[in-house]
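Here is the structure we will look at, set down as structure tokens.
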Amino acid sequence: MKLLVREVIDETLNALKASGALTFDVIPPYNIEVPKNLEHGDWSCNVAMVMSKAAGKKPGDLAELIIKGLVDRNAIVVSAEKAGPGFLNFRLKDSVFQAVAREVLKAGLTFGRNKPKSTGKKMLVEFVSANPTGPVHIGHARGAFMGDAISRLLDAAGHDVTREFYINDAGNQVETLGRTIFKRYQQLFGVEIQLAEGEYPAEYVIEIAKTWKNEVGDAYLNKPQAEWLPKAIEVGIRENLKAIRSTLAMANISHDTFFSEATLHTAGKVTSIVDVYKARGVTYEATEGKRREKGDKVRSEESKAAKYADRQLGGTFLMTATYQENEKYVLKDEEDRIILRHDGTPVYLTADLAYHKEKFDRGYDLMVDVFGADHAGHVPRIQSGMTLLGFEQKKLQFVLVQIVRITQGGEEVKVSKRKGTLFELADLIDEAGADVCRFIFLMKSANAQFDFDLDGVKKQSKDNPVFYFQMGHARCASVLKKAIEKGVPFVGAEALTDAQLARLVLPEEKAMLKKMSQLGDVVATSAEKLEPHHVLYFCQELIADFHSYFTKFRSDPIISDDVDKTQGRLAMVAALKHTLASAFGILGIAAPEHMEAPAEEE
RNA sequence: GCGCUCAUAGCUCAGCUGGAUAGAGCAUUGGCCUUCGAAGCCAAGGGUCGGGGGUUCGAAUCCCUCUGAGCGCGCCA
């Protein structure tokens, strides 16, 4: 619908240019939007204000010129007016609104989406990537739902999307896991054990030990560490990943690929990336923390750098901060980062750089990393590292989800893996339902910090906005069902006549049709910005309009004795149902046909 | 101390690359069910968009500055 208006404006401007009435090079980007105030027309355009300078005319004069010379080949415009500082306000024929219903019905559940993989662009979304040392807990939840929704959004925008989970299955943390599992394994044979600082006291480790014992008996009980440790790690990662996947499945989230950090090491990709950097001349050797930094940094005495100073023995550094082009710093990082310790072993960053190089080598048009805000400091290092390899930085984008504070009874619930007091995502979904959890996380933009109130989501009440949404869809379904019961089922898009559609003339009906027509735009801009919440708010407005319409015309119901009017209105309801279902699919929440009445609370 | 993110109604949050009178939900108050779902609707109250400068036809939106909050600042991952 908006495109039709754009067509009129573009053609008008070109015609004015051809006739010499107007001079400009190209039409600058301008907006066509829905005015807040209905009196300002159906669609409003700011082109006259935007073009004012380039055309050398006042916005008002330009607007009048456009209105006078309007080229409306499809005859869609009823009126065009100049308003305010130079807005162009258009009113369109009813038939243009009515056509939206037909368009939606034709597209069905894919309305508002581009054809799958039609853009030819390959995209990778990495999200969750929880350490395989324990279950998915509530701290991962926001990133998990966000990453999933972004994937669905990019998919709906017509891109070829791969969802990836990066498994940190190398390094100290999985070794600690392995040691803890072995201790629990020993314990199952009556050995007295004592967990060390940093080891995992939680229940699930005992379960893993039991599984292991069931599989191998006492085979590893008296073996040396060199034999039991790799085995314990293997079992631990396997079992934890199994649990992670099943939790994600509960949340309606799935990944296409699981990428193992360990394979980077075994394939030699971690050491080889160091060689690449060395060959490019962007590394240097330094000792005892004598790395280079931008300016003089003042660190507080309690900083971790000071705390672990005795472990900082120097090694090979990458110029993530001090690399220069034309004697200017071009990278965002603040200090250079070590990539090889003094004994030649790589650090976590080194593997992560190798991982991101791997992603670039796979040839994606866009790579998205969904991180928690506590990893924000990691971003400039990876960006710098990729720039130093000559990769295009804007192909790699980071979505940082802010920390979620979990509260219950007004008090903060701490999420701590180490202490075994973790609040698992699986438990939350059990209690609140997957759609509710997903919805609450997707309601906010990634940048917004917020408190997640456990008491609120557990209640099936008005605190649960997802019910409002699903009710909107269920109500559409209910109306269509009622029509069947009353013997006047909706005839369907094919049999629907223009005369029937022409009965959709109420301002409320036109407003809903106009809004429906915008789903494609909302999806496009949301995908562009990697912000799923716009789709959610779009649904909210549409549903509010429908509820309001439904109530207002209670005495002039959708289903009446007037057959043509009934069919016209049913067409709109069916279109609305498809629009909502399509949008819900992009968000990943269910579109139920029916909802149970809530339990009465006394 | 430095960096990132943020500050909008009593609370939780939207506000699209600057646009016309700043919105929604919850909460509060008052209305609306003999009819297609009242998990709904209508109405009211509630705002110097954290403070101050700047950019221009026009700023919640862009720039600077101050204040306040969260996160980060390890050769852990």
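Chain identifiers are assigned alphabetically (A, B, ...) following the order of the sequence lines, protein sequences preceding nucleic acid strands; residue numbering begins at 1 within each chain.
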Between the protein and nucleotides 5-8 of chain B, which nitrogen or oxygen pairs are less than 3.5 angstrom apart?
from, atom 1, to, atom 2, distance (Å)
B:rU5, O2', A:Gln402, NE2, 3.2
B:rU5, O2', A:Asn447, O, 3.3
B:rC6, OP1, A:Asn447, ND2, 2.7

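Residues that satisfy the salt bridge (Lys or Arg N to Asp or Glu O under 4.0 Å) test with A:Asp435, not counting sequence neighbours, are absent from this structure. Residues forming a ring pair (Phe, Tyr, Trp, His ring centres under 6.0 Å) with A:Phe398 (at least two apart in sequence, or on another chain): A:Phe371. Taking the ring pair (Phe, Tyr, Trp, His ring centres under 6.0 Å) definition, one finds that A:Phe469 meets it with A:Phe439, sequence neighbours left out. Legend: residues meeting ring pair (Phe, Tyr, Trp, His ring centres under 6.0 Å) with A:His342, ordered by chain and number and at least two apart, are absent. Legend: residues meeting salt bridge (Lys or Arg N to Asp or Glu O under 4.0 Å) with A:Asp556, ordered by chain and number and at least two apart, are A:Lys565, A:Arg569. Checked against ring pair (Phe, Tyr, Trp, His ring centres under 6.0 Å), A:Phe584 has no partners two or more places apart in sequence or in another chain.
Among residue pairs with one or both ends in residues 34-49 of chain A, those qualifying as side chain to side chain donor-acceptor pair (under 3.5 Å) are A:Ser44-A:Asn89; sequence neighbours excluded.
Residues of residues 516-529 of chain A that place a heavy atom closer than 4.0 Å to RNA chain B, in numerical order, are A:Lys529. Of the residues in residues 31-39 of chain A, A:Asn31, A:Glu33, A:Lys36, A:Asn37 come within less than 4.0 Å of RNA chain B through at least one heavy atom, sorted by number. The stretch residues 556-577 of chain A touches RNA chain B through A:Pro557, A:Ile558, A:Ile559, each having a heavy atom under 4.0 angstrom from the strand.
Base pairing in RNA chain B gives the following stems of 3 or more Watson-Crick or G-U pairs, range against range and under 3.5 Å: B:1-7 with B:67-73, B:10-13 with B:23-26, B:28-32 with B:40-44, B:50-54 with B:62-66.
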